[in-house]
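Below is one structure; the comments refer to it alone.
As the structure is a prediction and not an experimental result, all values here were calculated from the model. If you read the sequence from its start, that first residue is 1, and numbering goes on from there. Numbering of ligands and ligand atoms starts at 1, following listing order.
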Amino acid sequence: MALDTRSDGPRVRFAPSPTGYFHVGGARTALFNWLFARQQGGSFLLRIEDTDTERNRDEWTEGIYGALTWLGLDWDERPVVQSERGRLYSEAVDKLVAGGHLYYCDCTREAVDARTRGAATPGYDGFCRERRLGPGPGRALRFRTPDEGSTVVSDLVRGEVVFQHATIEDFVLVKSNGAPLFVLANAVDDMDMGVTHVIRGEEHLPNTPKAILVWQALGGPRLPVFAHLPVLVNEKRQKLSKRRDPVALEDYRQQGYLPEAMRNYLVLLGWGPADGQEIMSLDDMVRAFRLTDVTRSPAFFDVRKLTHFDGEYIRAMSPERFIEACQPWLESGPWAPSAFDPEVFARMAPLVQERVATLAEVPAMVDFLFLDRAPIEEASWERAVAGDPAAAALLDDAIASYGTCPWTAEEIRGATLAVAERSGKKLAKAQAPIRVAVTGRTVGPPLFESLHLLGRDRTLDRLRAARDRMPIVGPDLID
Ligand code: GLU
């Protein structure tokens with residue numbers, strides 16, 4: 001399919017409905033639209049589809065703006081808000097009524113169900129088609145779909161998808177309370193906004209022939225090109241669901257994922273770069289992205305891969321940027337604000353940066369430096385201290401050695417190596433009880449630097465406190 005070559009470039013839109021938390025699938029759709037617009041020198045428009053007054057909330061609309069801004073997806077022109085455009089939809093309805101494309105219908109759902117139970121073709125049976133009802137309370141407006149022939153959706157991702165008209169019911173465009181329905185507002189706006197490419201989730205494919213019929217009935221100019229993006233699934237290959245899966249973009253943001261990592265991960269959901277180089281800058285994405293290479297098969301939303309990407313992005317940061325990005329997480333750390341020492345953190349930061357996958361993991365890596373006593377994780381204690389018969393003697397030896405060795409990371413390492421040798425353990429194994437006693441956990445930043453930064457006195461205090469929790473060791477227990 002040739003791309004639009006008009007000098008003003010293609011016009012695409014992202015058209016979310018503010019009916020809930022902004023979904024990662026919505027973010028992927030927004031990104032693909034944005035990349036296409038930026039790559040083609042076109043416009044990326046934003047439209048808030050808030051015609052469902054019962055389900056919309058202002059905070060969800062704010063959430064959409066906030067999410068796009070967080071992801072760095074800037075939009076062109078003033079956002080279009082459907083709830084402000086009632087007149088446009090009424091004019092379109094008048095035109096459709098005048099053209100004989102709509103008819104009033106007063107069938108209740110129950111009546112339709114009773115009549116069509118067991119029918120070969122599902123949906124409305126055209127009962128009111130020829131009744132020539134006028135407007136009135138309880139009457140909806142239905143679109144008169146052609147009985148024969150078909151509508152072909154020309155889709156950049158899925159090819160030509162043919163919908164037989166016989167399978168498309170006379171669908172409602174205006175509810176009995178006068179509210180325009182999705183297909184009407186959506187098609188009228190795409191026409192009015194001069195949209196050239198409709199890029200959206202695959203779940204909208206069945207709506208597309210209806211939108212095309214409405215578009216044609218309104219005498220719209222050239223139809224947009226469609227591109228329906230593959231559905232996102234979880235590891236069980238089930239479509240991602242709001243109730244079952246972690247889909248809210250905001251949750252990822254709050255868990256400390258970086259927008260760059262999220263954006264990079266999202267671009268791979270249904271598309272991949274030809275050279276296989278998956279970690280890519282936004283500029284690279286703009287250059288390499290091809291709407292025509294988007295796949296049809298469902299895309300697995302893999303949180304582990306996203307987390308891996310996040311770690312890669314964290315490690316690629318400059319030390320200064322990393323420290324800056326950590327600030328919101330440090331402000332809510334478990335220590336007293338006055339106990340936090342930015343200089344100590346700055347010295348530890350490069351070691352932490354190497355080891356975290358998300359920023360939310362940072363406080364737990366450094367809390368032992370700023371808490372009076374690092375709370376000891378029971379499972380770690382059981383595994384590395386209580387469960388190790390040699391731990392008590394080893395800690396006693398460490399207390400004695402650390403009491404006298406010069407206090408540099410290198411010297412602490414040397415002293416610990418000697419402790420390890422005396423206990424018959426490898427250095428890595430010997431570190432475990434010391435680390436748990438001092439930091440509370442079995443994992444964390446490198447031990448010798450950690451002890452050095454913590455200081456001799458606090459290190460010894462914590463080792464002694466750990467020893468106090470344990471039985472006294474008799475000489476016969478030491479080899
Ligand atoms: N408002 C629709 C949705 O949130 C999108 C419609 C479209 O992109 O055409 O799913």
Side-chain angles (χ1 to χ4, degrees), residues 10-37 42-68 71 73 75 79-85 88-89 92 151 153-158 161 171 173 179-215 218 220 223-232 239-242 247-250 266 269-270 291 294:
R11 289 171 69 79
V12 298
R13 85 299 190 273
F14 176 52
S17 305
T19 52
Y21 281 114
F22 191 71
H23 191 291
V24 287
R28 191 268 314 256
T29 300
L31 176 63
F32 281 24
N33 274 283
W34 185 91
L35 287 171
F36 182 71
S43 304
F44 172 68
L45 312 174
L46 180 56
R47 179 167 81 223
I48 306 295
E49 299 212 326
D50 58 348
T51 51
D52 186 346
T53 45
E54 277 161 30
R55 293 173 60 214
N56 295 316
R57 297 229 301 259
D58 286 348
E59 66 199 80
W60 304 136
T61 304
E62 288 311 314
I64 293 167
Y65 294 128
L68 293 178
L71 286 170
L73 306 180
W75 55 90
V80 166
V81 180
Q82 286 193 329
S83 57
E84 296 168 358
R85 289 160 70 87
L88 195 68
Y89 310 135
T151 287
V153 177
S154 180
D155 192 290
L156 286 181
V157 177
R158 319 191 76 84
V161 189
F171 50 92
L173 273 192
L181 276 181
F182 167 74
V183 173
L184 176 70
N186 190 262
V188 168
D189 281 337
D190 281 344
M191 201 179 294
D192 181 69
M193 293 163 72
V195 168
T196 60
H197 295 70
V198 170
I199 306 167
R200 60 182 174 185
E202 178 186 320
E203 66 277 13
H204 286 295
L205 187 59
N207 291 323
T208 308
K210 299 178 186 174
I212 292 177
L213 288 170
V214 171
W215 185 288
L218 284 168
L223 275 170
V225 173
F226 291 90
H228 285 95
L229 310 176
V231 68
L232 303 187
K239 184 171 188 263
L240 284 195
S241 112
K242 282 190 183 173
V247 296
L249 191 75
E250 183 59 24
L266 289 173
L269 297 176
L291 193 52
V294 170

Where do [X] and [Y] come nearest, in terms of heavy atoms and distance?
| X | Y | value |
| --- | --- | --- |
| G25 | L232 | CA-CD1, 3.6 Å |
| A187 | A211 | CB-O, 4.1 Å |
| A248 | Y21 | CB-CB, 3.8 Å |

| Below 6.0 angstrom between ring centroids: does that apply to F32 and H197? |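 No, they do not, as the ring centres are separated by 6.0 Å or more.
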
| query | Can you pull the residues with any heavy atom under 4.0 Å from ligand 1? | reply |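 For ligand 1, the contacting residues are R13, A15, P16, S17, E49, F182, N186, R200, H204.
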
| request: Using atom types as modelled and distance alone, determine if a side-chain donor or acceptor of N33 lies under 3.5 Å from a backbone N or O of F14. | output: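 Checked: no pair found.
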
| said: Using only atom types and a distance under 3.5 Å, with no angle test, would you say the side chain of R13 pairs donor to acceptor with the backbone of D190? | reply: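 No; zero donor-acceptor contacts below 3.5 Å.
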
